[in-house]
Amino acid sequence: MTAETPTPSDFIRDIVAEDVRAGKYEQIRTRFPPEPNGYLHIGHAKSICLNFGIAREFGGICNIRMDDTNPTKEEAEYVESIMTDVRWLIDGWADKHVGGAPFYASDYFERFHECALDLVRAGKAYVDDMTPEETDAYRRQGKVSAYRDRSVEENLDLFARMKGGEFSDGARTLRAKIDMNAANVWMRDPVLYRIRHALHHRTGDKWCIYPMYDWAHTLSDYIEGITHSICTLEFEVHRPLYDWILDALELPEPRPHQYEFARLNLTYSVISKRKLIQLVNEKLVNGWDDPRMVTISGLRRRGVTPSALRTFAYNIGITKYPSMTDMALLEHTMRDEFNRAATRRLVVLRPIKVVLTNYPEGRTEELEAINNPENPNSGTRKIPFGRELYIERDDFMETPPPKFFRLRPGGEVRLKYAYIIKCDEVVKDVAGNVIELRCTVDLDSKSGGPTAGRKVKGTIHWVSAAHAIDAEVRLYDRLFTVPEPDAAGDFKSFINSNSLEVVTAKSEPALADACPEKRYQFERLGYFALDPDSRPEKQIWNRTVTLRDTWAKAQKT
RNA sequence: UGCCUCGUGGUGUAACGGUAGCACUAGAGACUCUGAAUCUCUCUGUCUAGGUUCGAAUCCUAGCGAGGCAGCCA
């Protein structure tokens with residue numbers, strides 16, 4: 001579970017490497033700047049792995065910074081969840097490269113304000129009295145505001161009164177004086193400050209003017225000595241403004257530079273805070289950490305490991321092409337890691353009883369089973385065997401299709417680590433449901449024994465009825481029924497109503513001392529992890545991912 | 001509509017003017033006391049048209065297509 005990925009290579013790392021080679025900066029410094037207005041998702045994980053990965057690979061540091069410049073949307077609750085998720089993802093990997101306690105854009109409000117005053121004094125910003133609607137319309141038309149040419153003194157006075165709380169929300173703004181005819185609309189005198197009489201989660205009521213993203217973000221990067229400010233594609237058109245701000249304030253080198261990469265898209269899921277929050281608020285899932293969610297907390301609860309997520313981030317790469325990654329790649333990444341690391345156990349999800357008619361009543365055997373065939377050091381364990389067993393309902397068919405290797409009337413199958421059995425009789429209830437199979441066991445076929453050589457085509461898992469432990473198992477499937485739920489129409493109409501199935505399973509006794517840190521393979525079924533709500537007296541398991549199942553796949557077609 | 005960016009198999013990526021490679025997926029087979037894993041093999045690709053060059057996925061031009069931006073959100 002700790003196998004690390006090789007060093008990635010992509011166009012951003014190429015730039016960083018070149019800057020390092022050229023000695024452009026003393027130390028590489030990146031940052032991860034979430035807005036605390038929601039939970040982190042797998043797209044953020046991509047960004048975290050990029051920014052912390054670069055810090056790690058180039059001997060630099062990466063700052064965690066809450067981009068908290070909009071008090072009406074942000075909450076302290078989110079800060080906490082963000083920190084939990086980031087630490088979980090980077091601990092033991094890049095935690096040595098964290099630039100200290102989390103930073104907050106709001107800690108720089110004073111400095112942002114001073115810079116704004118500098119800008120006004122330099123004649124590069126002005127207070128505008130237009131309404132939001134007017135500002136909008138003028139910007140579209142490239143029309144100059146009537147307030148654009150106010151004197152520095154008047155601007156200083158009005159800006160001070162904005163800060164002093166004299167005006168209502170939206171009454172005035174501070175705007176950069178750039179170029180109302182610029183082809184890039186973000187250069188058409190963008191708003192730097194707006195009035196918001198709102199309580200901020202950290203600064204309280206100290207401020208009633210709040211900086212806009214471009215102003216705050218650029219200056220935060222500069223203040224923190226960020227060298228490479230890496231963001232997603234939608235900020236590409238903001239880059240000229242980013243550079244303009246640094247120029248306009250005549251800030252000395254070294255300056256940060258912005259680079260953009262494509263955000264992650266994943267099939268059968270939605271990755272946007274807006275949509276994730278809808279799923280939570282409309283109770284279409286059970287909270288932010290619902291294991292079907294692609295939030296980091298959801299993935300964690302489902303049983304995905306930080307290293308698997310990092311490997312996934314490595315596998316998808318970094319480009320500027322807005323691609324659609326196949327969920328199958330995430331699943332493959334998990335299977336690949338868990339196959340090597342997971343402890344094997346026998347668990348029957350949907351039990352059907354088997355009685356071995358020729359096996360002595362009251363007799364119990366201890367059979368030896370391998371804990372992990374991929375890892376010889378993991379040793380063996382004992383599994384109890386008796387006259388009454390449970391097998392998987394799917395492993396018996398009364399009238400099976402061709403090439404069905406499991407149990408059928410009159411047919412034989414091997415019980416893993418035990419004996420070959422033959423199905424003699426099918427017992428049904430009045431409704432015609434199969435409730436019990438009466439079988440005979442070939443006592444010469446005991447696994448590991450001298451006469452175990454006889455081959456049958458199928459091997460199935462089982463547990464001893466007398467020793468089985470009941471456990472709740474939550475079986476998850478993809479949350480959406482279509483590969484691109486937000487391609488057309490309402491994504492919520494594509495929710496998979498069968499994305500969660502809860503069963504009471506029968507598990508072998510050795511699973512009783514399972515621990516939450518470990519991953520388990522329930523043989524022939526999938527990889528499972530203990531849910532945080534699990535208790536020793538009643539285990540709750542989450543299926544992280546199924547095993548590949550070519551048989552099931554073949555049956556569908 | 002304007003501006004910006006991006007186009008390599010079904011998907012995700014590599015090739016930095018010199019043999020289009022890797023991974024996932026799909027299919028076929030071998031092996032198998034997990035229909036898993038492992039191991040073979042196979043299918044499928046440089047958006048189009050010009051140009052530069054001994055040689056172009058790569059450089060240039062045009063076209064086509066896709067995405068992003070046009071909040072007092074980030």
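Convention: sequence-line order gives letters A, B, ...; per-chain numbering from 1. Note: hydrogens, waters and symmetry copies are ignored here, and every other heavy atom, side chains too, is used.
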Exercise for the section: Could you check whether A/Pro373 gets within reach of a base, just the sugar-phosphate, or nothing at all, counting any heavy atom under 4.0 Å? Expected result: base
Practice task
Name all residues meeting the ring-ring contact (aromatic ring centres under 6.0 Å, His included) criterion together with A/His461; count only those two or more places apart in sequence or in a different chain, and write none if there are none.
Solution key: none
Practice task
Spell out yes or no: do the side chain of A/Glu260 and the base of B/rU5 have one donor N/O and one acceptor N/O closer than 3.5 Å?
Solution key: no
Practice task
Mark yes or no for whether A/His238, through its side chain, and A/Tyr213, through its backbone, hold a donor-acceptor pair below 3.5 Å.
Solution key: no
Exercise for the section: Quick one: label A/Met66 by what it contacts on the DNA or RNA (base, sugar-phosphate, nothing), any heavy atom closer than 4.0 Å. Expected result: nothing
Practice task
Decide if the gap between the ring center of A/Tyr126 and the ring center of A/Phe159 is smaller than 6.0 angstrom.
Solution key: no
Fill in the blank from the handout: Syn within 90° of 0, anti beyond: B/rG17 is anti
Practice task
Write down the distance separating the C1' atoms in B/rU32 and B/rC39, rounded off to the nearest Å.
Solution key: 12 Å
Problem - Interatomic distance where OH belongs to A/Tyr268 and C1' belongs to B/rU11 [whole Å] - result: 12 Å
Exercise for the section: Have a look at A/Thr135 and say if it touches a base, only the backbone sugar-phosphate, or nothing, with a 4.0 Å heavy-atom cut-off. Expected result: base
Problem - Test item: A/Thr203 and A/Phe109 side chains (from C-beta on) under 4.5 Å apart, heavy atoms - result: yes
Each nucleotide N or O in nucleotides 63-71 of chain B that has a protein N or O under 3.5 Å away: list the pair and distance.
unit_1 : atom_1 : unit_2   : atom_2 : d
B/rC69 : O2'    : A/Trp186 : NE1    : 2.5
B/rG71 : OP1    : A/Arg140 : NH2    : 3.2
B/rG71 : OP2    : A/Asp136 : OD1    : 2.5
B/rG71 : OP2    : A/Asp136 : OD2    : 3.1

Output one line per pair: protein atom, nucleotide atom from nucleotides 14-23 of chain B, and distance, for all N/O pairs under 3.5 Å.
unit_1 : atom_1 : unit_2  : atom_2 : d
B/rC16 : N4     : A/Asp14 : OD2    : 3.2

Fill in the blank from the handout: The answer to which of A/Phe405 and A/Asp68 contacts RNA chain B further toward the 5' end, by nearest nucleotide, is A/Phe405
Handout entry: Whether A/Trp551 stacks on the six-membered ring of B/rG35 base, 5.5 Å and 30° limits
Key = yes
Completion exercise
Taking Watson-Crick and G-U wobble contacts under 3.5 angstrom, with | marking pairs to another strand and [ ] crossing pairs, the secondary structure of RNA chain B is written (((((((..((((....[..)))).(((((.......)))))....(((((..]....))))))))))))....
Strictly under 3.5 Å: I want the nitrogen or oxygen pairs between protein and nucleotides 37-48 of chain B, one per line.
unit_1 : atom_1 : unit_2   : atom_2 : d
B/rA37 : OP2    : A/Arg548 : NH1    : 3.3
B/rA37 : O2'    : A/Asn339 : ND2    : 3.0
B/rA37 : O2'    : A/Glu374 : OE2    : 3.2

Problem - Contacts of A/Trp462 that satisfy ring-ring contact (aromatic ring centres under 6.0 Å, His included) - sequence neighbours left out - result: A/Phe385
Exercise for the section: Only counting residues at least two apart or in another chain, list the ones meeting side-chain contact (heavy atoms from CB on, under 4.5 Å) with A/Ala369. Expected result: A/Arg381, A/Ile383, A/Tyr417
Exercise for the section: May I ask you to say what A/Thr173 touches in the nucleic acid, namely base, sugar-phosphate or nothing, with a heavy-atom cut-off under 4.0 Å? Expected result: base
Practice task
For A/Lys273, answer base if it contacts any base atom (sugar-phosphate contacts may also be present), sugar-phosphate if it contacts only those atoms, and nothing otherwise; contact means non-hydrogen atoms under 4.0 Å.
Solution key: nothing
Completion exercise
Residue pairs meeting salt bridge (charged side-chain N to carboxylate O under 4.0 Å, His left out), one or both in residues 179-191 of chain A, sequence neighbours left out, come to A/Arg148-A/Asp189
Indicate every side-chain donor-acceptor pair of residues 43-50 of chain A with a distance under 3.5 Å to a residue at least two apart or in another chain.
unit_1  : atom_1 : unit_2   : atom_2 : d
A/His44 : ND1    : A/His41  : N      : 2.9
A/Lys46 : NZ     : A/Ala262 : O      : 2.7
A/Ser47 : OG     : A/Asn51  : ND2    : 3.3

Handout entry: 5'-most by nearest nucleotide on RNA chain B - A/Ala183 or A/Arg406
Key = A/Ala183
Handout entry: Qualifying residues under ring-ring contact (aromatic ring centres under 6.0 Å, His included), relative to A/Tyr39, sequence neighbours excluded
Key = A/Tyr78, A/Trp288
Problem - Beyond-backbone contact of A/Val79 with A/His201, side-chain heavy atoms, under 4.5 angstrom - result: yes
Problem - N-O pairing of A/Lys73 and A/Glu35 below 4.0 Å - result: no
Exercise for the section: Describe the nucleic acid contact of A/Gly448 in one word from base, sugar-phosphate, nothing, applying a heavy-atom distance below 4.0 Å. Expected result: base
Handout entry: A/Met327 CE to B/rG12 C1', straight-line distance once rounded to whole Å
Key = 14 Å
Completion exercise
To the nearest 0.5 Å, atom CZ of A/Phe522 lies from atom OH of A/Tyr527 at 12.5 Å
Practice task
Taking the side chain as every heavy atom from C-beta outward, state whether A/Tyr419 and A/Asp444 have any pair of such atoms under 4.5 Å apart.
Solution key: no
Problem - Salt-bridge criterion met for A/Arg406 and A/Asp394 (N-O under 4.0 Å) - result: no
Handout entry: A/Lys320 side chain near B/rC4 phosphate (N/O to OP1/OP2, under 4.0 Å)
Key = no
Exercise for the section: Determine the contact category for A/Thr232: base if any of its heavy atoms lies under 4.0 Å from a base atom, sugar-phosphate if only primed atoms, P, OP1 or OP2 are that close, otherwise nothing. Expected result: nothing
Fill in the blank from the handout: Sorted by chain and number, sequence neighbours left out, ring-ring contact (aromatic ring centres under 6.0 Å, His included) with A/Trp244 holds for none
Exercise for the section: Using a heavy-atom cut-off of under 4.0 Å over every strand shown, decide if A/Ile316 touches base, sugar-phosphate, or nothing. Expected result: sugar-phosphate
Fill in the blank from the handout: Out of B/rG12, B/rU34, B/rG35, minimum distance to the side chain of A/Glu523 belongs to B/rU34
Exercise for the section: Scan A/Tyr417 against the nucleic acid and name what it touches under 4.0 Å (heavy atoms): base, sugar-phosphate only, or nothing. Expected result: base
Handout entry: Among B/rG12, B/rC72, B/rU25, the nucleotide that comes nearest once only the side chain of A/Thr325 is considered
Key = B/rG12
Problem - Sequence-distant partners of A/Thr459, side-chain contact (heavy atoms from CB on, under 4.5 Å), two or more places apart - result: A/Arg414, A/Lys416
Completion exercise
Winner on side-chain proximity to A/Lys457, out of B/rG12, B/rU32, B/rC72, is B/rU32
Practice task
Can you tell me the distance, in whole Å, between the CG atom of A/Asn371 and the C1' atom of B/rA36?
Solution key: 17 Å
Exercise for the section: Ignoring the backbone of A/Gln521, work out which of B/rU34, B/rG35, B/rA74 is nearest its side chain. Expected result: B/rU34
Completion exercise
Side-chain atoms of A/Ala328 come closest, of B/rC73, B/rA36, B/rU25, to B/rU25
